[in-house]
Asks: 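One structure follows; several queries about it will come next.
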There are 2 protein chains.
Amino acid sequence: MSEDVEQTLRQHGFQVTAQRIAILRALSSHPHATADELAADVRASIGSISRQAVYDTLGLMVDKGLIRRIQPSGFTARYEDRVNDNHHHLICRSCDSLVDIDCATGDTPCLSAGDDHGFVIDEAEVIYWGYCPACRGKAAPAKPGSSPKSSTT
Amino acid sequence: MSEDVEQTLRQHGFQVTAQRIAILRALSSHPHATADELAADVRASIGSISRQAVYDTLGLMVDKGLIRRIQPSGFTARYEDRVNDNHHHLICRSCDSLVDIDCATGDTPCLSAGDDHGFVIDEAEVIYWGYCPACRGKAAPAKPGSSPKSSTT
DNA sequence: ACCAATTCTGGACTTAGTCAAGTATTTGCC
DNA sequence: GGCAAATACTTGACTAAGTCCAGAATTGGT
Ligand SMILES: [Mn+2]
Ligand SMILES: [Mn+2]
Ligand SMILES: [Zn+2]
Ligand SMILES: [Zn+2]
């Protein structure tokens, strides 16, 4: 459970540092965390880390495909280590809860757009918006539209 | 072409103001624009507008379902008036170009997740990531992962 | 024309993230 | 094990996108 993370890092061509190990651990115990939440988690485990190290590391790991970044409308970036399993996300418009949801369309699915404009598509990111069991009946007038952090007035 | 916008506003329960008309016009002539771009556009047409008015108006219109906000990872929020036609988006990881793409799954499609965790889903937002015709061969090593504004080093 | 409700403005403020220069750590090699 | 080059981390200033608030202006109904 300790060497695991080291191995993962080396296998992906990373140098092994206390910070990276801690971030990866934080990530696995706290899915869909923000950079700040991860930083806090890491500080609890190894004492301190700079914001920059957190962002650098997460950025590199995303680039290498070790982790995934998602950023739904109105949310700050979130990170997770569930990768390559083609799962999607379901978000409650009212309470912002975010849950994983398996892809309905098979295994490497969803990669089927109509006219692809000549693009080479390598990922289909799906976010389902709606209301969670606890939040039904609360909001949602005529047309919910899309607005996490709603307007004034 | 002028009263149109007024009508649309009233039909959706908005008071009609110069700012709102201008924003709606800007929007229709400039799809996927950012708040700032819209502000600039509006200033060109009616002289001036406050940042707050732009954000307030866009927020309200999104809430009422008159327009749509999208915010792909690494991008600032973008707005569009194509709404209720269930179209999706295709983004080039290299040059950030963003194009509309019709949904392959039918008409009110995509609203089919596996286990929906008891949520009432009202929208499935899909973003296809890849490389546009002009950008192929440029980047994309082993696993593209996902990273619009990449990392340092 | 008048009033209440709504909207707009200006300016301070916050949050998430980036940049850049210097210091520390890791790793491959002897 | 010790060294040096490469890589990573820290610190602090900075930017971009968006929000908050209080007061002034506009709108729509009578
Ligand atoms: Mn997930
Ligand atoms: Mn579009
Ligand atoms: Zn909820
Ligand atoms: Zn491109």
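Quick note on labels: first sequence line is chain A, next is B, and so on, each numbered from 1. Everything numeric here is computed off the predicted structure, so don't read it as measured data.
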Asks: Could you tell me whether R20(B) contacts a base, only the sugar-phosphate backbone, or nothing, with contacts defined as non-hydrogen atoms closer than 4.0 Å?
Replies: sugar-phosphate
Asks: Evaluate the salt bridge (Lys or Arg N to Asp or Glu O under 4.0 Å) criterion for residues E123(A) and R93(B): first the C-alpha distance (whole Å), next the side-chain angles of each, then the deciding distance (0.1 Å), finally the verdict.
Replies: CA-CA 11 Å; E123(A) 182 186 355; R93(B) 292 186 196 279; 3.1 Å; yes
Asks: Looking at the side chain of I49(A), which of dT19(D), dT27(C), dT10(D) is the nearest nucleotide?
Replies: dT10(D)
Asks: Less than 4.0 angstrom between a side-chain N/O of R51(B) and OP1 or OP2 of dC8(C), yes or no?
Replies: no
Asks: Taking the side chain as everything from C-beta on, heavy atoms only, tell me whether R20(A) gets closer than 4.5 Å to Q15(A).
Replies: yes
Asks: Using five base pairs at each end, measure the axis-to-axis angle across the helix from dA1(C)-dT30(D) to dC30(C)-dG1(D) and round it to 10 degrees.
Replies: 40°
Asks: For dC8(C), does OP1 or OP2 lie under 4.0 Å from any side-chain N or O of T57(B)?
Replies: yes
Asks: Look at the side-chain N and O atoms of T76(B) and state whether any lies under 4.0 Å from the OP1 or OP2 oxygen of dG18(D).
Replies: no
Asks: Could you tell me the separation between the CD atom of Q19(A) and the P atom of dT25(C), rounded to a whole number of Å?
Replies: 9 Å
Asks: With a 4.0 Å cut-off on heavy atoms, is A18(B) in touch with a base, just the backbone sugar-phosphate, or nothing at all?
Replies: nothing
Asks: Check for me whether the distance between the ring centres of H30(A) and H32(A) falls short of 6.0 Å.
Replies: no
Asks: Heavy atoms from C-beta onward define the side chain here; which of dT10(D), dG17(C), dC8(C) lies closest to that of Q71(A)?
Replies: dG17(C)
Asks: Would you mind telling me which of dA17(D), dG28(D), dT26(C) lies closest to the side-chain atoms of Y55(B)?
Replies: dA17(D)
Asks: Output the rounded distance in Å from CD (Q52(A)) to C1' (dG22(C)).
Replies: 14 Å
Asks: Students often get this wrong, so: under 4.0 angstrom with heavy atoms, is T34(A) touching a base, only sugar-phosphate, or nothing?
Replies: nothing
Asks: Just N and O in the side chain of T17(A): are any of them under 4.0 Å from OP1 or OP2 of dC9(D)?
Replies: yes
